[in-house]
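A quick write-up on the structure given underneath.
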Amino acid sequence: FPVVWTLLYLMMGYASYVVWRSDAPRRQIDHALVWYGAQLAANFVWSPLFFQWNVYLAALLCLVVMLFLVIVTMVRFWKVDRKAGLLIIPYLCWGLFAAYLNAGVWVLNR
């Protein structure tokens with residue numbers, strides 16, 4: 001997992017840099033980066049919910065919110081720079097996989 005997360009964060013960081021340095025209108029860039037920050041915050045909240053507090057349903061709901069935010073971020077990034085949007089796709093896929101695993105843990109521990 002650490003290798004995957006390292007690659008994902010490198011790709012996300014580069015995507016945000018591409019957006020930040022874009023020649024797109026400043027307002028469009030700022031909106032994209034706000035969504036990016038929101039999904040990072042949701043990502044941050046998920047870990048303690050799942051690993052520290054073992055509240056698996058709450059963690060799953062947090063992941064659903066995070067996935068929504070990731071999709072919006074991907075679309076916003078795409079509108080600023082296609083490459084930036086494409087760089088978010090592996091993160092979305094990993095988030096979907098994490099949601100699947102989280103749902104399984106929740107079901108098995110009910």
Side-chain angles (χ1 to χ4, degrees):
F1 286 169
V3 172
V4 172
W5 275 113
T6 300
L7 291 172
L8 290 174
Y9 276 115
L10 286 171
M11 292 170 73
M12 290 167 28
Y14 181 64
S16 66
Y17 174 78
V18 168
V19 168
W20 179 60
R21 298 296 295 162
S22 170
D23 291 332
R26 189 80 237 159
R27 182 180 165 124
Q28 188 179 12
I29 292 168
D30 290 345
H31 282 153
L33 293 175
V34 165
W35 285 101
Y36 176 72
Q39 66 80 25
L40 281 177
N43 184 319
F44 179 77
V45 168
W46 178 82
S47 289
L49 289 174
F50 188 85
F51 291 112
Q52 199 170 8
W53 301 319
N54 302 320
V55 285
Y56 303 125
L57 180 57
L60 181 59
L61 294 174
C62 180
L63 267 178
V64 169
V65 170
M66 186 193 87
L67 288 168
F68 168 78
L69 295 170
V70 169
I71 291 168
V72 174
T73 298
M74 184 179 65
V75 170
R76 294 281 182 153
F77 275 24
W78 183 285
K79 288 180 179 180
V80 172
D81 186 291
R82 184 172 181 241
K83 176 173 53 179
L86 290 172
L87 284 165
I88 299 300
I89 292 173
Y91 177 50
L92 175 62
C93 293
W94 188 256
L96 289 167
F97 179 62
Y100 167 76
L101 293 176
N102 189 150
V105 169
W106 172 61
V107 167
L108 293 171
N109 287 285
R110 287 179 22 197

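Looking at heavy atoms from C-beta onward, Trp78 lies in side-chain contact with Leu86 at the 4.5 angstrom threshold. Between Leu33 and Phe77, some side-chain heavy-atom pair lies under the 4.5 Å cut-off.
The closest donor-acceptor contact from the side chain of Thr73 to the backbone of Leu69 lies under 3.5 Å.
Leu87 and Val4 fall within a single hydrophobic cluster, where Ile, Leu, Val, Met, Phe, Trp and Tyr side chains are chained together by heavy-atom contacts under 4.5 Å. Both Leu63 and Phe51 belong to a single network of hydrophobic side chains, linked directly or stepwise wherever heavy atoms of I, L, V, M, F, W or Y lie under 4.5 Å apart. Residues Leu40 and Tyr17 are members of one and the same hydrophobic cluster, defined by side-chain heavy-atom contacts under 4.5 angstrom among Ile, Leu, Val, Met, Phe, Trp and Tyr. Put simply, Leu61 and Ile71 are part of the same group of oily side chains (I, L, V, M, F, W, Y) that touch within less than 4.5 Å, one to the next. In the hydrophobic cluster analysis, where Ile, Leu, Val, Met, Phe, Trp and Tyr join through side-chain heavy atoms closer than 4.5 angstrom, Trp20 is grouped together with Tyr91.
Considering all non-hydrogen atoms of both residues, Leu49 and Cys62 come closest at CD1-CB, 3.7 Å. A pairwise comparison of heavy atoms in Ala84 and Val18 identifies CB-CG1, 4.1 Å as the closest pair. Summarising the geometry of Gly95 relative to Met66, their closest heavy-atom pair is CA-CE, 4.4 Å, with the distance given to 0.1 Å.
Taking NZ from Lys79 and CG from Asp81, the interatomic distance works out to 14.5 Å, rounded to the nearest 0.5 Å. The CD1 atom of Ile88 sits 14.0 Å away from atom CZ of Arg76, with the distance rounded to the nearest 0.5 Å.
Identified under the salt bridge (charged side-chain N to carboxylate O under 4.0 Å, His left out) test for residues 13-35, with sequence neighbours left out: Arg26-Asp30.
Around CH2 of Trp5, the count of heavy atoms belonging to other residues, nucleotides or ligands within 6.0 Å exceeds 12.
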Which donor-acceptor pairs under 3.5 Å do side chains of residues 6-15 form with protein atoms, sequence neighbours excluded?
{"residue": "Thr6", "atom": "OG1", "partner": "Pro2", "partner atom": "O", "Å": "2.7"}
{"residue": "Tyr9", "atom": "OH", "partner": "Asn43", "partner atom": "ND2", "Å": "3.4"}
{"residue": "Tyr14", "atom": "OH", "partner": "Lys83", "partner atom": "NZ", "Å": "3.4"}

Could you pull out every donor-acceptor pair under 3.5 Å between side chains of residues 96-107 and any protein atom, sequence neighbours left out?
{"residue": "Asn102", "atom": "OD1", "partner": "Trp46", "partner atom": "NE1", "Å": "2.9"}
{"residue": "Asn102", "atom": "OD1", "partner": "Leu60", "partner atom": "N", "Å": "3.3"}
{"residue": "Asn102", "atom": "ND2", "partner": "Tyr56", "partner atom": "O", "Å": "3.0"}

